[in-house]
Amino acid sequence: MQLAIQLIFAQVGIDQILDNGAATSQSIAEGWDKQWLDLLQNNTSNNLYGALTNLGIFFAVGTLLFFMIQFLKDLISYEYTRPISALIWPFIVVVLLSNSGNGSILSNLTLGVRNFLNTVNQQVVVSADADKMYQQALNMSVAEEVAGSLLRPCQSLTGEQQSQCFVKAAEKVNILWQKYRDIYGNKRWIARLQTKVDNIRYGTGIVSETSFNSLLGSTVQTSIKNFFVSLQYAFQNLIEATMLLIAALGPLAVGGSLLPVAGKPIFAWLTGFLSIGIAKISFNIIAVLTAAVIVNGPGQNANVDPDLMWFIIFLGILAPILSLLVAAAGGFAVFSAISNTASLVKERI
């Protein structure tokens, strides 16, 4: 019977996400760890990152001409004040793009920043989701789909056949209720769902046609929930893929930083990298806080029968959009701070 429950979860498409919210976030990051190491540290002389580093060096050599023209112009106009401070950029570019074959300084720094962001993200999720709010809220919605998938075949039967079908289905669902109680304890939302199933099974209590159909649901509703849950899972993987893409383009940003412009490409690259980290952290915070509202609100009332489709839609569409907006605002602030700091340092040197 446990196998049957696992197969149902697999059909719903969320068997991996039913684990702890912190573990889910961490597992996504860990799944990309090998790819990060292969790209940024292992045999960087011959892999993709090595090729991009060579291209970055080519950009640096090309932009060095423009840098020298501006350097000589400043040398004539400002004597030695501004030109001396500008000499730090060629030194930075040479140091960051030096590739030993086991990763450059830039790749090691990039990997270190990524690990730091993941650590902060994990600490935030663990501390905010101490009571497994995210997991509970997701399971509150999913449990109805699981129960409905077991009870749905009984809807077309009549008489004794329907009663026997309900009995067998309820026995399988009881395994799920026990699993939830082992993980979360005796929560009211578990008792509410079990009561609904028992009322249908034994024909006791008042179960309206609307509640009956709501519990049984439909394959269309299950598919919709499956889509939105998979969508938020895809968004978290998209965040990891975007961070890796930005990291891979780091040598190009460094190589173009010798251009005599106020906004250095390396600042934009660093801002983009940090912004994606902000989006990742923001999404997890939004998901956990929204889940806490559900668990501490309708989840504590055994008489309330909430429609949690909005929560699945929120996770799949609205939370990613909101986290990206927060990341954009945070990235703009980071870029302004870095640019202003660089200008201040340049004036002081």
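All residue numbers in this chain count up from 1 along the given sequence. Just so it is clear, the structure is predicted and the values come from calculations on it, not from any experiment.
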Exercise for review: Kindly indicate whether the side chain of Leu109, heavy atoms from C-beta on, has any atom under 4.5 Å from the side chain of Leu96.
Suggested key: yes
**Study point:** Distance, nearest 0.5 Å, that separates CG of Asp33 from CG of Asp38
**Key:** 10.5 Å
Revision key, fill the gap. What one should report as the nearest heavy-atom pair of Thr63 and Gly255 is OG1-O, 3.2 Å
Practice item. Measure the spacing between CE of Met133 and CG of Leu138 and express it to the nearest 0.5 Å. Key: 14.5 Å
Study note, to complete from the structure: Tightest non-hydrogen contact, residues Gly277 and Leu117, listed as CA-CD1, 3.9 Å
Practice item. Evaluate whether atom CD of Gln161 has more than 12 neighbouring non-hydrogen atoms of other residues, nucleotides or ligands under 6.0 angstrom away. Key: no
Exercise for review: Under the side chain to side chain contact (heavy atoms under 4.5 Å, CB included) rule, what do Trp32 and Ile239 come out as? Steps first, then yes or no, please.
Suggested key: CA-CA 11 Å; Trp32 288 87; Ile239 289 291; over 6 Å; no
Revision key, fill the gap. Between Ala327 and Ser275 the two heavy atoms that sit nearest each other are CB-O, 3.2 Å
Check your understanding: Does the side chain of Glu240 come under 3.5 Å of the side chain of Gln236 through a donor N or O and an acceptor N or O?
Key -> no
Check your understanding: Taking atom CH2 of Trp177 and atom CG of Asn186, what is their separation to the nearest 0.5 Å?
Key -> 13.5 Å
**Study point:** Within-4.5 Å side-chain heavy-atom neighbours: Leu258 and Pro90
**Key:** yes
Revision key, fill the gap. When every non-hydrogen atom of Ile317 is compared with those of Pro320, the smallest separation belongs to O-CD, 3.2 Å
Study note, to complete from the structure: When rounded to the nearest 0.5 Å, the distance separating CZ of Phe267 from OG of Ser257 is 7.5 Å
Point to revise | Linked, directly or transitively: Leu249 and Phe58 (ILVMFWY side chains, under 4.5 Å) | key: yes
**Study point:** Minimal non-hydrogen separation, Asn284 against Val125, with atom names
**Key:** CB-CG2, 3.5 Å
Review point. Same hydrophobic cluster for Leu238 and Tyr233, using side-chain heavy-atom links shorter than 4.5 Å among ILVMFWY?
Key: no
Review point. Taking all non-hydrogen atoms of both residues, which atom of Val229 and which atom of Gln232 are closest, and how far apart?
Key: O-CG, 3.1 Å
Practice item. Starting from the C-alpha separation in whole Å, work towards a yes-or-no answer on side chain to side chain contact (heavy atoms under 4.5 Å, CB included) for Val288 and Val124. Key: CA-CA 10 Å; Val288 170; Val124 168; over 6 Å; no
Exercise for review: Begin from the C-alpha positions of Phe311 and Met140 and carry the test side chain to side chain contact (heavy atoms under 4.5 Å, CB included) through to its verdict.
Suggested key: CA-CA 10 Å; Phe311 177 64; Met140 284 176 63; over 6 Å; no
Check your understanding: Measuring from Thr290:OG1 to Ile285:CD1, what's the distance to the nearest 0.5 Å?
Key -> 11.0 Å
Practice item. For residues Thr53 and Tyr49, determine if any side-chain heavy atom of one lies less than 4.5 Å from a side-chain heavy atom of the other. Key: yes
Point to revise | Thr110 vs Leu106 side-chain heavy atoms within contact, under 4.5 Å | key: yes
Point to revise | Heavy-atom side-chain contact between Gln35 and Leu244 under 4.5 Å | key: yes
Practice item. Determine the interplanar angle of the Phe273 and Trp36 rings, folded into 0 to 90°, and report it as parallel if under 30°, tilted if 30 to 60°, perpendicular if over 60°. Key: perpendicular
Exercise for review: Could you verify whether a donor N or O on one side chain and an acceptor N or O on the other, from Asp182 and Gln178, lie under 3.5 Å apart?
Suggested key: yes
Review point. Going through the distances and angles, do Leu270 and Val113 end up as a side chain to side chain contact (heavy atoms under 4.5 Å, CB included)?
Key: CA-CA 10 Å; Leu270 182 59; Val113 173; 5.6 Å; no
Study note, to complete from the structure: Paired with Leu315, the side-chain contact (heavy atoms from CB on, under 4.5 Å) test is passed by just one of Tyr134, Phe235, Trp310, Phe228, namely Tyr134
Review point. Does the side chain of Leu40 reach to within under 4.5 Å of the side chain of Asn108, using non-hydrogen atoms?
Key: no
Check your understanding: What's the spacing between Leu39 CG and Lys34 NZ if we round to 0.5 Å?
Key -> 11.5 Å
Practice item. Taking the side chain as every heavy atom from C-beta outward, state whether Ser282 and Leu322 have any atom pair closer than 4.5 Å. Key: no
